[in-house]
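First the proteins, then the strands, lettered A, B, ... as listed; each starts at 1. Nothing here was measured: the structure is a model prediction, and the numbers come from that model.
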There are 2 protein chains.
Amino acid sequence: MKKATPCIRRGKLKVESLERAAETLKLLAHPQRLRLIEILERDKEVPVHTLVAETGFPQAVVSQHLNQLRRVGLLSAKRRGKEMLYTICDPRALSILNCICTHCSEGDFEHE
Amino acid sequence: MKKATPCIRRGKLKVESLERAAETLKLLAHPQRLRLIEILERDKEVPVHTLVAETGFPQAVVSQHLNQLRRVGLLSAKRRGKEMLYTICDPRALSILNCICTHCSEGDFEHE
DNA sequence: TTAAAAAATACAAATATGTCAATACATAAA
DNA sequence: TTTATGTATTGACATATTTGTATTTTTTAA
């Protein structure tokens with residue numbers, strides 16, 4: 001996982017920087033992808049078929065989401081036999097999920 | 001500005017909670033809206049025409065962005081004469097911008 | 001009242017995203 | 001090799017977002 005250097009914000013962000021930031025946020029802005037990240041946060045290294053089983057989403061959908069998240073560097077993947085193990089490799093994925101949950105209450109969670 | 005209560009995450013987030021989170025993130029996931037938030041962070045209460053002048057975006061575009069951000073509760077607005085003053089009212093808007101900038105370097109900023 | 005300034009809205013065109021089914025690819029085991 | 005399992009990719013389609021132009025509303029001041 002990349003190191004999270006504290007941000008020193010001075011001046012205005014360049015348009016290109018804003019665009020990259022927006023692209024990253026856009027990929028996080030999807031309920032199914034947030035669910036995948038939630039699971040990956042808990043289980044660290046997870047093969048696709050497990051994510052399919054846990055979420056109930058179609059395999060193609062899960063695979064597409066994972067690839068998108070990997071493309072922008074939020075996730076990484078490595079092969080283990082037939083499986084592909086996905087991992088969160090950008091701490092922003094987690095901190096944004098936490099941040100967005102700042103206003104979550106008990107009622108936002110499922111209790112088993 | 002709402003108080004940011006720390007998030008205690010237990011169990012899985014409900015689908016509806018994920019959907020609300022995704023909706024909020026989606027609105028932040030736009031370079032122009034991020035720029036507006038950046039300016040609002042600095043200047044606190046800003047009328048639309050100032051945002052138009054600072055960004056160079058068309059008035060209708062700025063107005064639409066501001067309304068979208070207000071609809072999900074990230075911004076609030078109050079009238080002062082002919083002007084509408086916009087303010088950030090959800091701290092998540094700021095913390096997500098900060099969070100996304102975790103990996104920003106000097107080169108991401110414009111130096112005047 | 002009328003005119004001007006500030007902001008919001010409506011609508012259509014262009015673009016981007018999401019979804020689904022089918023298919024292709026990769027690996028391991030028989 | 002053949003087969004089975006696990007993933008990735010493709011193409012068609014529906015839906016959503018973005019953007020631009022024009023118009024409308026709201027408010028103040030003449």
In whole Å, I'd like the distance from the CG atom of B:Leu51 to the P atom of C:dA6.
13 Å

In chain order, what residues pass the salt bridge (Lys or Arg N to Asp or Glu O under 4.0 Å) check against A:Arg42, with sequence neighbours excluded?
A:Glu54

What string of B, S and - do you get for nucleotides 19-30 of chain C, 5' to 3', when a contact is any protein heavy atom under 4.0 Å?
BBBB----BS--

Listed by chain and number, what are the salt bridge (Lys or Arg N to Asp or Glu O under 4.0 Å) partners of A:Glu19, not counting sequence neighbours?
none

Check side chain to side chain donor-acceptor pair (under 3.5 Å) between B:Asp43 and all other residues, then give those that pass, not counting sequence neighbours.
none

Would you kindly give the CG-to-P distance between A:Leu28 and C:dT17, to the nearest whole Å?
14 Å

According to side chain to side chain donor-acceptor pair (under 3.5 Å), who are the partners of A:His65, at least two apart in sequence or on a separate chain?
A:Gln32, A:Arg33

Which residues satisfy the side chain to side chain donor-acceptor pair (under 3.5 Å) test with A:Glu23, sequence neighbours excluded?
none

Taking any atom under 4.0 angstrom from a heavy atom of chain A, which nucleotides of DNA chain D are the first and last to qualify, 5' to 3'?
D:dT5 to D:dT10

OP1 or OP2 of C:dA8 less than 4.0 angstrom from a side-chain nitrogen or oxygen of B:Ser63, does that happen here?
yes

Starting at the 5' end of DNA chain D and moving along, which residue's nearest nucleotide shows up first, B:Ala29 or A:His49?
A:His49

For B:Ser17, side chain to side chain donor-acceptor pair (under 3.5 Å) partners two or more places apart
A:Asp108

According to salt bridge (charged side-chain N to carboxylate O under 4.0 Å, His left out), does anything in residues 72-89 of chain A pair up with another residue at least two apart or in another chain? List the pairs.
A:Glu45-A:Lys78, A:Arg80-A:Glu83

Quick one: A:Phe57 CZ to C:dG18 C1', roughly how many Å, whole number?
13 Å

Look only at the side chain of B:Glu38 and the backbone of A:Leu13, and say whether a donor-acceptor pair between them is shorter than 3.5 Å.
yes

Roughly how many Å is it from CD in B:Glu83 to P in C:dA8, rounded to a whole number?
11 Å

